[in-house]
Amino acid sequence: MKAAQPIFVDTWGWLAYGHRRDTHHAEVKRLLETCLSNRTLVYTSDYVLDELITLLFRRESYDESVKFLDSLFADAGRRFL
């Protein structure tokens, strides 16, 4: 069995994943859950995280931004690379 190709998630993918009202939220969530269940490597970069953090704190409340980032980073070791 051939291993699945790893996927790179950019800023907009993380934003859609974390924002339920985003038009692409369900699609991104389904894709990430499929990747995780198939043990497909999901990765990003420090530049993407920097952009994500900047955009979150400009668009969302402080509490919502912290809540999403805490959740994302807590899951990083268990679910994402």
Side-chain angles (χ1 to χ4, degrees):
M1 174 186 244
K2 184 178 175 183
Q5 289 285 358
I7 67 161
F8 180 85
V9 180
D10 71 2
T11 305
W12 301 107
W14 292 120
L15 284 173
Y17 178 65
H19 198 270
R20 290 186 180 114
R21 293 184 308 260
D22 187 285
T23 57
H24 299 287
H25 173 76
E27 181 181 5
V28 171
K29 183 177 178 185
R30 189 171 41 256
L31 173 66
L32 287 174
E33 288 174 351
T34 299
C35 288
L36 295 171
S37 69
N38 293 339
R39 301 181 149 269
T40 301
L41 181 63
V42 175
Y43 68 102
T44 196
S45 73
D46 56 337
Y47 296 105
V48 167
L49 292 175
D50 180 47
E51 187 175 41
L52 173 65
I53 291 166
T54 300
L55 285 170
L56 279 174
F57 281 97
R58 289 184 59 102
R59 292 179 167 192
E60 304 295 333
S61 70
Y62 176 84
D63 291 338
E64 285 297 314
S65 297
V66 169
K67 181 179 173 183
F68 175 69
L69 291 170
D70 282 349
S71 172
L72 183 64
F73 292 139
D75 283 349
R78 296 187 305 263
R79 302 175 68 179
F80 306 112
L81 175 63

Heavy-atom side-chain proximity of [X] to [Y] below 4.5 angstrom:
X     : Y     : value
Leu31 : Glu27 : no
Ile7  : Cys35 : yes
Arg20 : Lys29 : no
Trp14 : Leu69 : no
Phe57 : Val66 : yes

Show the numbers, then the answer: is there a side chain to side chain contact (heavy atoms under 4.5 Å, CB included) between Leu15 and Phe68?
CA-CA 10 Å; Leu15 284 173; Phe68 175 69; over 6 Å; no
Would you check if there is a donor-acceptor pair between the side chains of Glu51 and Thr11 at a distance under 3.5 Å?
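On atom types as modelled, these side chains qualify, holding a pair under 3.5 Å.
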May I ask you to decide if Trp12's main-chain N or O and Asp10's side chain share a donor-acceptor pair within less than 3.5 Å?
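Judged by distance alone, yes, a pair lies under 3.5 Å.
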May I ask you to decide if Lys67's main-chain N or O and Ser71's side chain share a donor-acceptor pair within less than 3.5 Å?
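Between the backbone of Lys67 and the side chain of Ser71 there is no qualifying donor-acceptor contact (under 3.5 Å).
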Rounded to the nearest 0.5 Å, what separation is found between the [atom1] atom of [X] and the [atom2] atom of [Y]?
X     : Y     : atom1 : atom2 : answer
Glu33 : Tyr17 : CD    : OH    : 6.5 Å
Leu52 : Thr44 : CG    : OG1   : 8.0 Å
His24 : His19 : NE2   : NE2   : 13.0 Å

Are Tyr62 and Leu49 connected, step by step, through hydrophobic side chains (Ile, Leu, Val, Met, Phe, Trp, Tyr) whose heavy atoms are closer than 4.5 Å?
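Both belong to a single hydrophobic cluster.
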Taking all non-hydrogen atoms of both residues into account, name the closest pair between Tyr43 and Pro6 and its distance.
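Shortest heavy-atom contact: CE2-CB, 3.9 Å.
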Nearest non-hydrogen partners of Glu60 and Ser65, listed with the distance
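What the structure gives for the nearest pair is CB-OG, 3.6 Å.
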